[in-house]
Amino acid sequence: MAVHILICTGTSVALLVAAAAVFLSIYYPADEEAQAVLSDTSGAAVSVIDGGYMLDGKGSDTALIFYPGAKVQTEAYLPILKRIADGGIDCFLLEAPMRLAILDTGAADKVTSHYSYDTWLVSGHSMGGIAAADYASKHSDIIDAVVLLAAYPNKKLPDSLSLYTIYGSEDRVLDLDAYKQAKENAPSVYREFVITGGNHAQFGNYGEQSGDGKATISRDEQQAQTTDIILDLFLPAAS
């Protein structure tokens with residue numbers, strides 16, 4: 001009987017490991033436009049750093065650390081971050097373990113411990129946004145603001161932080177009920193922005209996402225509007 005139980009347990013574990021391997025092997029790859037940013041020599045310089053990428057633009061005072069969405073190839077967020085960096089906010093794109101940022105919410109430490117800026121912002125898309133908010137809640141002595149794309153904080157943020165959320169009106173992936181309930185976790189300074197015609201996937205460059213709504217604006221327009229919102233918030237004179 002004991003041997004039988006051990007065999008059954010071993011089989012179950014093996015099946016779970018196999019299922020997890022299959023789950024993690026399926027992801028949204030970055031498109032050609034995103035990959036092209038790596039060799040683009042115009043505007044912000046893109047370089048590989050420990051834990052991800054740095055996009056070094058014309059600014060020097062403010063930096064944004066970005067957690068990618070779940071099961072999305074990291075490089076898919078290079079285009080929107082390059083726009084932001086070109087506008088004057090340096091950006092750091094984190095590499096998530098197994099493409100799941102929630103597995104290492106402290107990843108931003110690799111950036112904040114090696115670089116110096118007057119203002120630190122943390123941001124993320126979808127599950128990456130939850131990871132970003134988690135990091136900010138534990139490092140409010142370092143982080144100044146949180147910018148979430150199609151995401152929400154899953155724990156209370158201290159009032160020393162400010163919170164800004166951005167999502168598309170056609171987003172069908174974001175759980176709006178959970179999003180609305182999570183407003184209870186917002187600090188005293190909180191603003192929400194809804195991009196008319198935008199959806200969930202177009203914050204990144206990885207194609208269509210299962211279950212998402214149909215956007216009525218282009219990806220380029222959605223990312224341009226998102227960039228303008230962020231620059232207006234933190235570098236109003238430069239917008």
Side-chain angles (χ1 to χ4, degrees), residues 27-97 99 101 107-108 110-112 114-126 128-129 131-132 147-151 166 168 195 197-209 215 217-239:
Y27 65 94
Y28 295 98
D31 65 18
E32 292 183 0
E33 182 180 342
Q35 298 290 357
V37 174
L38 292 171
S39 57
D40 186 357
T41 57
S42 64
V46 183
S47 59
V48 177
I49 61 171
D50 181 27
Y53 295 94
M54 178 182 184
L55 295 94
D56 189 2
K58 62 184 180 181
S60 59
D61 299 325
T62 303
L64 180 147
I65 304 171
F66 194 90
Y67 288 77
K71 300 185 70 178
V72 177
Q73 187 175 0
T74 307
E75 291 78 9
Y77 297 98
L78 285 172
I80 190 170
L81 295 182
K82 191 172 191 304
R83 286 176 181 266
I84 296 169
D86 285 341
I89 297 177
D90 287 350
C91 292
F92 295 86
L93 174 58
L94 300 175
E95 189 83 50
R99 301 186 184 89
K110 294 181 180 179
V111 175
T112 58
H114 286 89
Y115 299 88
S116 179
Y117 288 87
D118 293 336
T119 301
W120 282 110
L121 319 173
V122 290
S123 181
H125 176 228
S126 198
V147 182
L148 303 183
L149 308 183
I166 308 171
I195 298 179
N199 68 0
H200 195 84
Q202 288 190 159
F203 287 111
N205 283 57
Y206 58 90
E208 296 182 358
Q209 185 163 341
I217 60 174
S218 68
R219 181 180 60 209
D220 184 73
E221 176 61 23
Q222 181 166 339
Q223 293 186 12
Q225 287 191 38
T226 303
T227 299
D228 287 344
I229 290 169
I230 293 172
L231 294 179
D232 284 342
L233 286 170
F234 302 104
L235 298 178
S239 307

Check your understanding: Any donor and acceptor pair, going by atom type alone, linking the side chain of Gln73 with main-chain N or O of Ala30 inside 3.5 Å?
Key -> yes
Check your understanding: Do you know which two heavy atoms are closest between Lys110 and Gly51, and how far apart they sit?
Key -> CD-CA, 4.1 Å
Practice item. Determine whether Gln222 and Asn199 make a side-chain contact, defined as any pair of heavy atoms from C-beta on separated by less than 4.5 Å. Key: yes
Review point. Can Gln223 and Asn205 be counted as having a side-chain donor-acceptor contact under 3.5 angstrom?
Key: yes
Review point. Say you draw a straight line from CG of Leu81 to CD1 of Ile89; how long is it, rounded to the nearest 0.5 Å?
Key: 11.0 Å
Check your understanding: Can you tell me how far CG of Leu148 sits from OH of Tyr67, rounded to the nearest 0.5 angstrom?
Key -> 12.0 Å
**Study point:** Distance in Å, Ile229 CD1 paired with Thr226 OG1, rounded so as to fall on 0.5 Å steps
**Key:** 5.5 Å
Revision key, fill the gap. So OG1 of Thr227 and CD1 of Ile80: to nearest 0.5 Å the spacing works out to 5.0 Å
Revision key, fill the gap. Scanning both residues in full, the closest heavy-atom pair of Val147 with Ser123 reads O-OG, 2.6 Å
Practice item. Please test Val48 against Tyr53 for side-chain contact (heavy atoms from CB on, under 4.5 Å), starting from the C-alpha separation and ending with a verdict. Key: CA-CA 5 Å; Val48 177; Tyr53 295 94; 3.7 Å; yes
**Study point:** Any side-chain heavy-atom pair of Glu33 and Arg219 under 4.5 Å
**Key:** yes
Check your understanding: Would you say the side-chain atoms of His125 pair up with the backbone N or O of His200, donor to acceptor, closer than 3.5 Å?
Key -> yes
Revision key, fill the gap. Between Ala34 and Pro79, the two heavy atoms sitting closest are CA-CG, 3.6 Å
Check your understanding: Does any N or O in the side chain of Thr119 come within less than 3.5 Å of the main-chain N or O of Thr62, such that one atom is a donor and the other an acceptor?
Key -> no
Check your understanding: For Phe203 and Ala150, which heavy atoms make the closest approach, and how far apart are they?
Key -> CE1-CB, 4.1 Å
Practice item. Name the orientation class of the two ring planes belonging to Tyr115 and Phe92 (parallel below 30°, tilted from 30 to 60°, perpendicular beyond 60°). Key: tilted
Study note, to complete from the structure: So CG of Asp40 and CD of Gln35: to nearest 0.5 Å the spacing works out to 13.0 Å
Point to revise | Minimum side-chain heavy-atom gap Val46-Leu93 below 4.5 Å | key: no
Exercise for review: Given side-chain contact (heavy atoms from CB on, under 4.5 Å), test Ile166 with Gln225 step by step and report yes or no.
Suggested key: CA-CA 10 Å; Ile166 308 171; Gln225 287 191 38; over 6 Å; no
Exercise for review: State the CD-CD distance between Gln202 and Gln209, to the nearest 0.5 angstrom.
Suggested key: 11.5 Å
**Study point:** Side-chain donor/acceptor of Asp90 to backbone N/O of Gly57, under 3.5 Å
**Key:** yes
**Study point:** Close side-chain approach of Arg83 to Cys91, heavy-atom, < 4.5 Å
**Key:** no
Check your understanding: Can you name the closest pair of heavy atoms from Thr112 and Trp120 and give their distance?
Key -> CA-CZ2, 4.0 Å
Point to revise | Worked check of side-chain contact (heavy atoms from CB on, under 4.5 Å) between Ile217 and Ile195 | key: CA-CA 9 Å; Ile217 60 174; Ile195 298 179; 3.7 Å; yes
Practice item. Look only at the side chain of Tyr117 and the backbone of Leu64, and say whether a donor-acceptor pair between them is shorter than 3.5 Å. Key: no
Exercise for review: Compare every heavy atom of Leu94 with every heavy atom of Ala108, then report the nearest pair and how far apart it is.
Suggested key: N-CD1, 3.9 Å
